[in-house]
Amino acid sequence: FGRFSLGEIAADNQITDFTITSDLWKTQIDVLSSRSTTMWRFPLETISNSEAGFERNYQGSTMLLWWPIQLAPGGVWEVTLTFDLKQLPA
């Protein structure tokens, strides 16, 4: 895993942890999952019309964690997500 562009669309398999870093806000969020997961990541964008025509405007980043789950009746499935927020040095 490395650094990725905010506009990148990708799927990452067998993820148990990842880090989100904001250089602007000098913060870091470490995310840890108790179960291996697939993460889809993609930009959240809106479309606007300007003098130059239609434009895509970046609004934020989306990270979706998902697990293929099949439970028998009465079955139980659990996952724990741990978030660790850190302030980075200025």
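Quick caveat: nothing in here was measured; it's all calculated off a predicted structure. We're numbering straight along the sequence, starting at 1. Excluded from the calculations below are hydrogen atoms, water molecules and symmetry mates; all remaining heavy atoms, backbone and side chain alike, are included.
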4.5 Å side-chain heavy-atom contact, [X] and [Y]:
{"X": "F42", "Y": "M63", "result": "no"}
{"X": "P43", "Y": "T62", "result": "no"}
{"X": "W66", "Y": "M39", "result": "no"}

What residues, two or more places apart in sequence or in another chain, satisfy side chain to side chain donor-acceptor pair (under 3.5 Å) together with [X]?
{"X": "T16", "value": "none"}
{"X": "N49", "value": "none"}
{"X": "Q70", "value": "none"}
{"X": "S22", "value": "none"}

Applying salt bridge (Lys or Arg N to Asp or Glu O under 4.0 Å) as the test, list every pair that has at least one member in [range]; sequence neighbours left out.
{"range": "residues 65-81", "answer": "none"}
{"range": "residues 43-54", "answer": "E45-R56"}
{"range": "residues 68-77", "answer": "none"}

For residues 23-32, run the donor-acceptor check on the side chains, cut-off 3.5 Å, and write out each pair with its distance to 0.1 Å, sequence neighbours left out.
from, atom 1, to, atom 2, distance (Å)
D23, OD2, R3, NH2, 3.1
K26, NZ, D23, O, 3.2
Q28, NE2, D30, OD1, 3.0
Q28, NE2, D30, OD2, 3.3
D30, OD1, T19, OG1, 2.8
D30, OD2, K86, NZ, 2.8

(message) Rounded to the nearest 0.5 Å, what separates atom OG in S36 from atom CG in D17?
(response) 10.0 Å
(message) How long is the straight-line distance from CZ of F18 back to CG of D12, given to the nearest 0.5 Å?
(response)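 Output value for this atom pair is 9.5 Å.
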Mind checking side chain to side chain contact (heavy atoms under 4.5 Å, CB included) for [X] and listing every partner two or more places apart, or none if nothing turns up?
{"X": "Q59", "result": "L44, T46, N57"}
{"X": "A72", "result": "none"}
{"X": "T37", "result": "I15, L65, W67"}

(request) Give me the other members of the hydrophobic cluster that I47 sits in, counting Ile, Leu, Val, Met, Phe, Trp and Tyr linked by side-chain heavy atoms under 4.5 Å, directly or via other members. (result) F54
(request) State yes or no: do L88 and L85 share one hydrophobic cluster built from I, L, V, M, F, W and Y residues joined by side-chain heavy-atom distances below 4.5 Å, directly or via other members? (result)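 Not linked; separate clusters.
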